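Structure, as structure tokens:
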Amino acid sequence: MNPEIINTTTEEYKELIESLKKDGFEMMVDLTVVDWFRKKEPRFEIVVQFLSTSKNSRKTIKVFVNDEDLTIPSITDIYPSSNFYEREAYDMFGIVFADHPDLTRILMPDDWEGHPLRKNYGSGRIPVQFKNAPKVD
Amino acid sequence: MKNNKTKKSKLSNFKNKLDFWATNSEEGGWNISSTDEGSQKMLENENEKQIKIQTGTDVVDDFVIDEDTSDDERMIVNMGPQHPSTHGVLRLQAELEGEVVRRVKPIIGYLHTGMEKTGEELNYFQGPTNTTRMDYLSPLFNELVFSLTTEKLIGIEVPKRAETIRILMTELNRVSSHLVALATGGMDIGALSMMIFGFRERELILNFFEKTTGLRMNHNFIRPGGVAADLPDGWQKDVEEIIKIIPEKLQDYDDMLLDNPIWKGRLQNVGILTTEECFAYGVTGPSLRASGYSWDLRKSQPYSGIENYEFDVPTLTEGDVFARWRVKVLEIFESLKIIEQAMHNMPKGPYKVQDKKITPPPRKRLDESMEALIHHFKIYTEGFKVPEGDAYVAVESPRGELGCYIVSDGSAKPYRMHVRGPSFCNLQALPVIMTDSPIADAVAAIASLDPVIGDVDR
């Protein structure tokens with residue numbers, strides 16, 4: 001099934017989602033972020049998947065975060081299931097969801113520095129020293 | 001003779017003494033109705049000092065209690081991450097008022113291994129190796145959803161035999177995954193035989209998986225463009241055995257648990273989730289079907305030709321832990337129906353797409369054909385390129401909607417690979433289930449949601 005794709009802006013994002021809820025899309029199934037580092041401007045694109053079980057259809061909402069502080073309104077008051085997903089997006093990409101009830105890191109430790117899924121975060125930046133392995137200088 | 005008599009008289013003496021202690025009167029016997037109530041009464045409350053002396057609590061303590069604190073003070077208790085009932089490394093912070101949970105917060109991330117980041121560094125050919133390790137109890141579904149998304153981006157259709165093998169293997173995987181859920185769920189509640197039974201029957205399926213894919217878990221069997229290998233010789237015999245044995249064993253489980261008053265007492269009317277709560281918290285899969293809403297992606301948004309099979313979607317209305325357990329048992333029967341149909345209707349033909357850019361050539365072609373050698377080299381060094389675009393595909397995994405979102409920038413590696421794990425989303429409903437219920441029901445509630453921490457943390 002091909003979801004219908006809707007592009008929107010940060011300002012109209014919340015209104016659109018309220019109208020979706022009234023439109024019979026009961027479930028927010030997924031929220032994720034794509035980092036278009038040095039490819040697109042603004043850099044972060046939020047992709048939200050919605051599912052309507054009564055109509056048996058899907059909708060995808062795409063919104064670029066054009067705010068300088070990477071802030072976008074939270075939709076936890078409309079769809080409570082977005083709670084964990086927004087925390088994950090904050091943890092992995094550093095997107096700030098305004099008015100989120102508990103915007104803390106979810107997968108990484110609380111004192112972690114940086115946002116691991118950003119494209120400019122190197123995956124091998126922390127060297128791993130295995131036990132009893134010969135040390136390489 | 002003489003000896004016996006003395007023994008008897010000693011015994012009767014002792015019995016009389018016991019009677020005296022028990023009844024505090026010389027006339028009393030062993031009959032409870034004849035006991036004097038007075039001897040069973042506790043000491044009077046006025047005699048508080050004496051009670052304290054007798055029970056040894058008359059301790060002088062200079063500890064001053066704040067006037068603000070009272071007996072009904074709330075307490076925060078930490079459960080896990082290393083706890084057998086959390087099925088992995090799930091940690092719960094619960095605020096208790098006596099025995100009742102008033103607030104709970106699941107804390108996750110103890111098994112986070114950055115698989116989405118790894119997924120950006122592996123090409124599409126290597127991708128299933130990574131995704132299969134997410135939900136380790138249903139690895140074939142992870143491979144399936146990754147392969148379906150990649151195939152949607154490329155725009156290819158896999159041969160009929162590959163589709164049927166995929167359906168056969170994933171439905172077998174659903175049975176094995178549900179068997180683990182029944183086994184560990186039974187163990188958490190105290191039905192320890194259930195644990196042995198569930199894992200015993202799962203072994204049948206895992207043996208078949210080992211024969212077909214080479215591994216018991218983390219198969220890397222379903223790949224973009226088909227499946228890795230054809231089914232082994234004599235596979236029908238193994239599948240027939242599975243179809244024959246598992247319903248008999250399920251009957252055994254039902255005999256043991258279905259009318260068991262302890263099992264019912266622990267599970268019925270515990271941890272109720274309504275359909276509205278399921279929608280609000282994004283709960284899908286057996287938990288949604290147990291709350292009275294018939295929703296199965298295999299029926300409504302079919303994949304891999306599953307619309308050609310006949311099966312029902314078991315739906316119950318209670319929404320409690322018992323209903324969630326029952327739905328899983330009934331789903332195993334439906335999966336067995338699909339497996340039987342797939343076995344009898346297995347089409348002949350290739351099990352991989354016949355596109356040289358995607359499928360590596362067979363080993364013996366390399367010695368004869370220069371092109372085959374080039375294609376082989378290109379696929380194994382660089383991988384195949386996928387056109388620009390993005391796609392979201394969802395399948396019905398044993399835990400709910402398993403989705404995969406891939407963004408491609410035209411290279412051989414995904415620009416962004418995200419997996420929507422059903423356990424991650426279902427776990428959000430845990431506070432709803434556990435709030436205002438006794439701490440003893442928490443274990444049953446976790447087991448009924450059946451979270452796999454590999455799927456939660458990824």
Side-chain angles (χ1 to χ4, degrees), chain A residues 1-3 5 21 24-37 39-40 45 47-60 62 76 78-85 87-89 91-93 102 104-110 112 115-119 121-124, chain B residues 105-114 116-121 152 275-284 288 293-297 299-303 390-394 400-405 407 409 415-422 424-429 431-432 456-458:
Chain A
M1 171 169 285
N2 283 320
I5 294 169
K21 176 96 177 181
F25 283 81
E26 300 100 346
M27 258 195 250
M28 193 228 74
V29 284
D30 192 22
L31 185 149
T32 188
V33 184
V34 184
D35 179 10
W36 295 103
F37 182 57
K39 289 199 171 189
K40 282 185 191 175
E45 183 186 19
V47 184
V48 199
Q49 311 281 352
F50 289 92
L51 170 69
S52 167
T53 53
S54 49
K55 293 184 189 167
N56 192 14
S57 66
R58 288 180 186 277
K59 268 188 187 173
T60 305
K62 292 184 177 176
T76 40
I78 309 167
Y79 290 100
S81 60
S82 60
N83 186 331
F84 272 23
Y85 287 105
R87 281 177 68 192
E88 193 190 0
D91 191 359
M92 293 296 162
F93 292 93
D102 177 27
T104 48
R105 285 190 183 271
I106 184 166
L107 294 176
M108 304 302 285
D110 286 339
W112 194 265
H115 300 285
L117 275 180
R118 285 187 178 180
K119 283 285 172 185
Y121 187 99
S123 56
Chain B
K105 185 183 180 188
I107 297 168
I108 59 175
Y110 291 92
L111 208 61
H112 178 62
T113 44
E116 288 182 7
K117 188 83 176 173
T118 315
E120 290 171 7
E121 288 172 18
K152 191 176 171 185
T275 313
E276 286 73 31
E277 282 166 349
C278 285
F279 285 153
Y281 289 92
V283 179
T284 44
L288 178 61
Y293 197 85
S294 175
W295 176 258
D296 193 322
L297 289 180
K299 284 279 187 200
S300 52
Q301 299 171 8
Y303 52 88
D390 61 335
Y392 178 84
V393 175
E401 175 174 330
L402 175 68
C404 183
Y405 180 70
V407 181
D409 61 346
Y415 187 72
R416 169 97 172 96
M417 194 272 293
H418 172 73
V419 170
R420 187 257 185 210
F424 182 73
C425 206
N426 290 2
L427 207 61
Q428 293 184 81
V432 183
V456 175
D457 292 346
R458 299 186 302 280

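Remember, predicted model here, so these are calculated numbers, not experimental data. Chain letters run A, B, ... following the sequence lines, proteins first and then strands; every chain starts at 1. Heavy atoms only: backbone and side chains are in, while hydrogens, waters and symmetry mates are out.
- In this structure the side chain of B:Gln428 never reaches within 4.5 angstrom of the side chain of A:Pro80, judged on heavy atoms.
- Distance check: A:Ser81 OG to B:Glu277 CD gives 13.0 Å after rounding to the nearest 0.5 Å.
- Salt bridge B:Arg458/A:Glu88: present, at least one basic N to carboxylate O contact under 4.0 Å.
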Before you tell me yes or no, could you show the steps for A:Met92 and B:Lys117 under side chain to side chain contact (heavy atoms under 4.5 Å, CB included), namely the whole-Å CA-CA distance, both residues' side-chain angles and the distance that decides it to 0.1 Å? CA-CA 10 Å; A:Met92 293 296 162; B:Lys117 188 83 176 173; over 6 Å; no

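- For the atom pair B:Lys105 NZ and A:Asp102 CG, the distance stands at 4.0 Å (nearest 0.5 Å).
- At least one side-chain heavy atom of B:Arg416 sits less than 4.5 Å from a side-chain heavy atom of A:Leu117.
- Neither the backbone nor the side chain of B:Glu276 comes within contact range of chain A; no heavy atom of the residue lies under 4.5 Å from a heavy atom of that chain.
- Only the side chain of A:Arg87 comes within contact range of chain B, with heavy atoms under 4.5 Å apart.
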For the pair B:Tyr293 and A:Thr53, evaluate side-chain hydrogen bond (donor to acceptor under 3.5 Å, both in side chains) and give the outcome as yes or no after the intermediate values. CA-CA 10 Å; B:Tyr293 197 85; A:Thr53 53; 3.0 Å; yes

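- In this structure, chain A has heavy atoms under 4.5 Å from both the backbone and the side chain of B:Tyr281.
- Interface residue A:Glu26: backbone and side-chain heavy atoms are both found under 4.5 Å from chain B.
- Across all non-hydrogen atoms, the minimal contact from B:Val283 to A:Met27 is O-CE, 4.1 Å.
- Between A:Leu51 and B:Phe279 there is no side-chain heavy-atom pair separated by less than 4.5 Å.
- The two residues A:Arg58 and B:Tyr392 have their closest heavy-atom pair at NH1-CE2, 3.7 Å.
- Residues B:Glu401 and A:Asp30 are not in side-chain contact: their nearest non-hydrogen atoms beyond the backbone lie 4.5 Å or more apart.
- Using a 4.5 Å cut-off between heavy atoms, A:Val47 touches chain B through its side chain atoms alone.
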Assess the residue pair A:Asn2 and B:Lys152 against the criterion (side chain to side chain contact (heavy atoms under 4.5 Å, CB included)); give the C-alpha distance rounded to whole Å, side-chain angles, the decisive distance to 0.1 Å, and a yes or no. CA-CA 10 Å; A:Asn2 283 320; B:Lys152 191 176 171 185; 2.9 Å; yes

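- Looking at A:Lys21, there are no atoms closer than 4.5 Å to chain B (heavy atoms on both sides), in backbone or side chain.
- Note that the CD1 atom of A:Ile106 and the NE2 atom of B:His112 stand 11.0 Å from one another [nearest 0.5 Å].
- Contact of A:Thr76 with chain B is not made at all, since no heavy-atom distance falls under 4.5 Å.
- Closest approach of A:Asp35 to B:Tyr415, counting heavy atoms only: O-OH, 2.7 Å.
- Chosen from B:Cys278, B:Ala280, B:Gly109, the residue pairing most often with chain A at heavy-atom distances under 4.5 Å is B:Ala280.
- B:Cys425 and A:Tyr85 get closest at one heavy-atom pair: CB-OH, 3.5 Å.
- Residues B:His418 and A:Leu31 approach most closely at NE2-O, 4.3 Å, considering heavy atoms.
- Within the 4.5 angstrom heavy-atom criterion, only side-chain atoms of B:Thr284, from C-beta onward, approach chain A.
- Nearest heavy-atom pair across B:Val456 and A:Leu107 is O-CD2, 4.3 Å.
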